[in-house]
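Take a look at this one; I'll ask things after.
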Amino acid sequence: MTLRFTATPTTARDPPAELAPDGSDHNALYFSVKGFIEEHRRQLAEMEPLGDHDLDQRRRALIRKADDHLALLERRKAEAWDDEVIRALLSKLTMDKGPLVVKAVESRAKKLQPWLLAALIMASVLHALAAVSRADLQFVLKTLEVVVYGAFAYCNASSGSASSLTAAQSLLLGEIPSDIRTVLSRLDLEPPILEYASCPKCHATYRPDSKRPKSPYPERCRNVITDKGRCKEPLVPDDGTTHPSRTYPYHSLNAWLANVLWRSGLLELCRNAWKETSGQIPCYKDIWDAPALRAFLGPDGKTPFSVQPDGSVHLVFSLFIDWFNPFGNKKAGKSHSIGGVYLVCLNLPPHLRYRPENIYLAGVIPGPTEPDVDQLNHYIRPLVDELLTIWHRGVYLSDATSAWLIRAALIPLVCDLPALRKTAGFASYSAHNFCSFCLLKKDQIDNLDRSTWPRRSRADHYECARKWRDAKTEAERERLFNEHGIRWSELLRLPYWDPTRFALVDAMHNLFLGELRHHCRDVWGIKVKDAPPNQGKSRGMTPHTPVEQQRWLETAASYISKTLPRKLDAVRKGYLLAIAELNGAIPASSQPTKQKCIHALMDWYRKNQSATIKLPPILPEPTVNFHLIKGEFDVTKYQILDQDTISELRHDIAKTFLPSWLERPPRNFGSPSHGKLKADHWRTVCTVSMVITCYDRAYPEFRSCGEGKRRCRSTDRG
Ligand SMILES: [Zn+2]
Ligand SMILES: [Zn+2]
């Protein structure tokens with residue numbers, strides 16, 4: 001519906017203007033329908049109750065229906081305003097001028113002497129892959145210069161001429177740089193990075209103004225947040241520099257397309273990807289086969305995106321955002337978090353798609369703390385701006401030999417659950433509105449009948465998100481959020497992006513670190529102590545060696561027998577819990593507090609004065625978290641996997657030949673000493689090792705030979 005307004009929007013955040021009274025046929029129709037419904041609603045509302053239960057029910061239902069229709073009309077008006085906003089912004093982006101033209105920069109490396117090129121590549125490989133420092137590389141490059149000098153001089157002397165260098169030789173020698181930064185720039189290996197200023201307080205980002213090279217950033221943050229007012233935090237330190245206090249490095253999509261995807265010759269592959277399918281059978285082997293991608297419509301809203309007119313390529317990207325500690329996870333106590341915004345081009349076949357050189361790292365979100373919920377929007381805004389241009393207008397890449405018109409869409413957002421909810425604008429997974437697919441509330445989480453789950457829709461989601469964004473006060477925002485569990489996300493500016501269908505939890509977190517770990521630990525009861533060493537109560541504690549463990553156990557026992565509960569407080573909880581469990585002072589698998597544990601032990605001892613206190617066996621390795629070993633392999637409460645099976649599993653892990661891309665799990669799997677397992681470990685244990693072990697146990701005839709449990713399959717088969 002094309003509606004006309006009394007004003008045109010100038011920014012994306014302008015609230016809707018009034019409808020023009022004499023705008024268009026659609027305006028006239030809009031007013032007449034609205035007037036008709038309002039009039040009928042008024043009449044129904046003014047009617048006296050009829051006293052007839054059935055009739056009154058119907059009257060109320062009619063009023064509700066009228067309200068629904070009026071809300072629908074409001075929504076249509078809001079949508080028409082959004083179209084106006086897009087039109088106004090597109091005209092600013094000069095969309096009518098056709099695609100954005102991006103010239104590929106020809107690599108200067110091609111013009112270098114081959115031997116010099118080899119030297120530069122050696123230096124950059126040492127730097128990038130072997131982590132050789134700048135200072136050490138200076139030594140390598142200087143030595144190289146000496147070697148080449150010597151070679152020239154030797155050749156000159158042996159051919160009878162003077163041993164000093166010719167002018168041409170001196171010139172070549174001068175070409176060898178002594179700094180790795182010069183090497184990287186000569187090889188064009190550094191991507192063009194745009195340094196946005198990031199507000200240290202509210203995370204608002206500011207693009208450097210190329211017209212003002214002396215002060216490219218505003219002095220203070222200009223971000224206005226509802227009724228909280230302007231942020232005003234200084235962006236640039238007042239020490240005379242132009243560099244902002246905190247930067248957000250951003251790598252432009254267009255530059256990546258030109259310098260990486262085009263240069264590496266992958267565009268043809270991307271174009272042909274749309275022709276390939278995994279066949280007619282309903283069998284999806286890859287995300288590329290997904291109906292959501294195949295049936296996805298192009299910018300005109302009619303033609304499938306898979307249809308690429310002559311000379312054009314249609315790309316589909318997935319977006320991944322996550323945070324990590326740049327100093328590694330081992331640094332106890334220090335929590336520092338920086339984020340990565342990565343895009344993967346799904347047109348590429350799976351074996352190329354996830355190679356580091358083909359992944360587009362769009363930005364690095366600065367730390368030290370993660371941006372709060374909606375503050376993340378500031379960091380994805382530059383990307384969304386570029387995605388809008390490439391969707392509506394396209395990007396034209398050309399050089400002397402070829403030309404490509406590229407259009408691209410960002411479809412799946414793939415993250416772990418917390419990052420996913422934050423990026424897409426949903427409430428947390430533990431909130432009242434916990435689901436990103438349906439409208440079930442937390443107290444209905446046990447409803448497993450899928451047919452009764454009310455689905456979310458993009459239109460409703462967008463409406464709630466926009467109301468939240470346009471709210472005038474923080475209180476209003478909070479009220480709206482509590483009601484719907486939705487905040488604004490910049491991704492909603494992409495006209496095709498549907499948060500209810502395109503927000504996905506990644507397989508690594510969901511399956512390997514989620515389901516598989518849960519199943520092994522909580523369902524099958526393998527006691528895998530894989531909490532990070534720096535988490536929980538063990539923070540800052542030194543591990544006790546087996547000898548120390550024995551001493552602490554004996555100390556605890558003597559305190560109990562001498563009835564000194566206060567002194568027991570100095571003993572770590574693990575020892576008390578193990579003694580209490582072993583002697584039956586508390587039920588197994590209960591998790592009491594330390595004080596309750598001490599209380600239970602004293603209680604038990606008072607009632608069983610003559611009893612000797614049994615001491616649990618010590619652990620073979622140093623630990624901060626002493627616990628009771630139940631049997632040789634520490635299989636806890638459920639005993640689904642017995643010790644024979646675990647023993648068999650460990651044997652299989654040790655004896656299996658694995659391809660290099662599968663990570664071998666620890667050979668002592670199931671022992672607390674191997675520490676935190678990685679996603680790859682869980683994957684191999686559950687999809688390879690356990691399968692082999694189960695097979696062995698199910699078909700023992702293929703297994704045993706001679707005494708004991710060790711198998712000899714080849715002789716069985718032979
Ligand atoms: Zn700010
Ligand atoms: Zn749901």
Side-chain angles (χ1 to χ4, degrees), residues 11 13 195-209 215-238 243-248 250 292 339 363 365-382 412-413 415-418 420-422 424-461 464-465 469 474 477 483-488 490 498-505 509-510 514-515:
T11 70
R13 288 175 163 233
E195 287 199 334
Y196 280 69
S198 156
C199 172
K201 193 171 155 199
C202 74
H203 289 267
T205 51
Y206 296 86
R207 189 188 168 97
D209 186 349
S215 57
Y217 308 101
E219 267 172 38
R220 286 175 182 273
C221 180
R222 298 191 289 233
N223 188 28
V224 181
I225 312 159
T226 58
D227 54 343
K228 283 199 219 157
R230 202 173 285 271
C231 168
K232 291 185 190 162
E233 183 76 6
L235 296 175
V236 185
D238 56 357
H243 204 71
S245 310
R246 186 161 77 175
T247 55
Y248 169 52
Y250 177 72
I365 300 171
T369 50
E370 278 182 35
D372 251 7
V373 282
D374 62 300
Q375 292 172 338
L376 176 62
N377 282 327
H378 297 300
Y379 296 108
I380 51 177
R381 190 169 298 124
L413 167 70
C415 299
D416 68 4
L417 207 46
L420 182 86
R421 295 299 168 83
K422 200 183 224 183
F426 286 108
S428 149
Y429 57 87
S430 57
H432 185 51
N433 293 289
F434 69 99
C435 184
S436 59
F437 290 98
C438 73
L439 295 163
L440 281 193
K441 305 287 181 223
K442 186 101 179 274
D443 50 12
Q444 301 163 310
I445 199 168
D446 292 328
N447 173 0
L448 298 179
D449 179 2
R450 203 186 167 120
S451 63
T452 61
W453 299 347
R455 277 302 301 261
R456 287 176 182 270
S457 76
R458 185 191 195 271
D460 292 342
H461 182 101
C464 295
R469 181 194 69 190
E474 277 303 289
R477 276 193 170 180
E483 192 179 336
H484 306 291
I486 291 169
R487 294 185 185 93
W488 176 253
E490 279 296 293
D498 184 348
T500 67
R501 292 172 61 223
F502 300 160
L504 313 171
V505 184
H509 285 97
N510 189 20
E515 297 303 328

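Counting convention: from 1, in listed order, for ligands and their atoms alike.
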Would you check if the side chain of Thr247 reaches a backbone N or O of Ala197 as a donor-acceptor pair within less than 3.5 Å?
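Absent.
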What protein N/O/S atoms sit under 2.8 Å from the Zn ion (ligand 2), by chain and number?
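Near the Zn ion (ligand 2), the protein supplies Cys435 SG, Cys438 SG.
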Given Tyr196, which partner from the list Arg207, Arg246, His378 fulfils the side chain to side chain donor-acceptor pair (under 3.5 Å) test?
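Exactly one option meets the side chain to side chain donor-acceptor pair (under 3.5 Å) with Tyr196, and it is Arg207.
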Distance alone, cut at 3.5 Å: any donor-acceptor contact between the side chains of His461 and Arg458?
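Per modelled atom types, His461 and Arg458 side chains form no pair under 3.5 Å.
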With no hydrogens and no angle check, just 3.5 Å: does a side-chain donor-acceptor pair link Arg421 and Ser428?
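No, no side-chain donor-acceptor contact under 3.5 Å.
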Just the protein N/O/S atoms under 2.8 Å from the Zn ion (ligand 1), please, no waters.
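Sorted hits: Cys199 SG, Cys202 SG, Cys221 SG, Cys231 SG.
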Closest approach of Glu233 and Cys199, non-hydrogen atoms and distance?
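Scanning both residues, the minimum pair turns out to be CB-SG, 3.7 Å.
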Heavy-atom donor-acceptor pair, Arg456 side chain to Cys438 backbone, under 3.5 Å
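Flag set: sc Arg456 to bb Cys438 pair under 3.5 Å.
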Side chain of Tyr248, backbone of Gly363: donor and acceptor closer than 3.5 Å?
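No; judged by distance alone, with no hydrogens or angles, the pair does not exist.
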Judged by atom type as modelled, is there a donor-acceptor pair below 3.5 Å linking the side chain of Lys442 to the main-chain atoms of Phe434?
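A pair under 3.5 Å: no.
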Do Asp460 and Thr500 have side-chain heavy atoms sitting under 4.5 Å apart?
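Not in contact.
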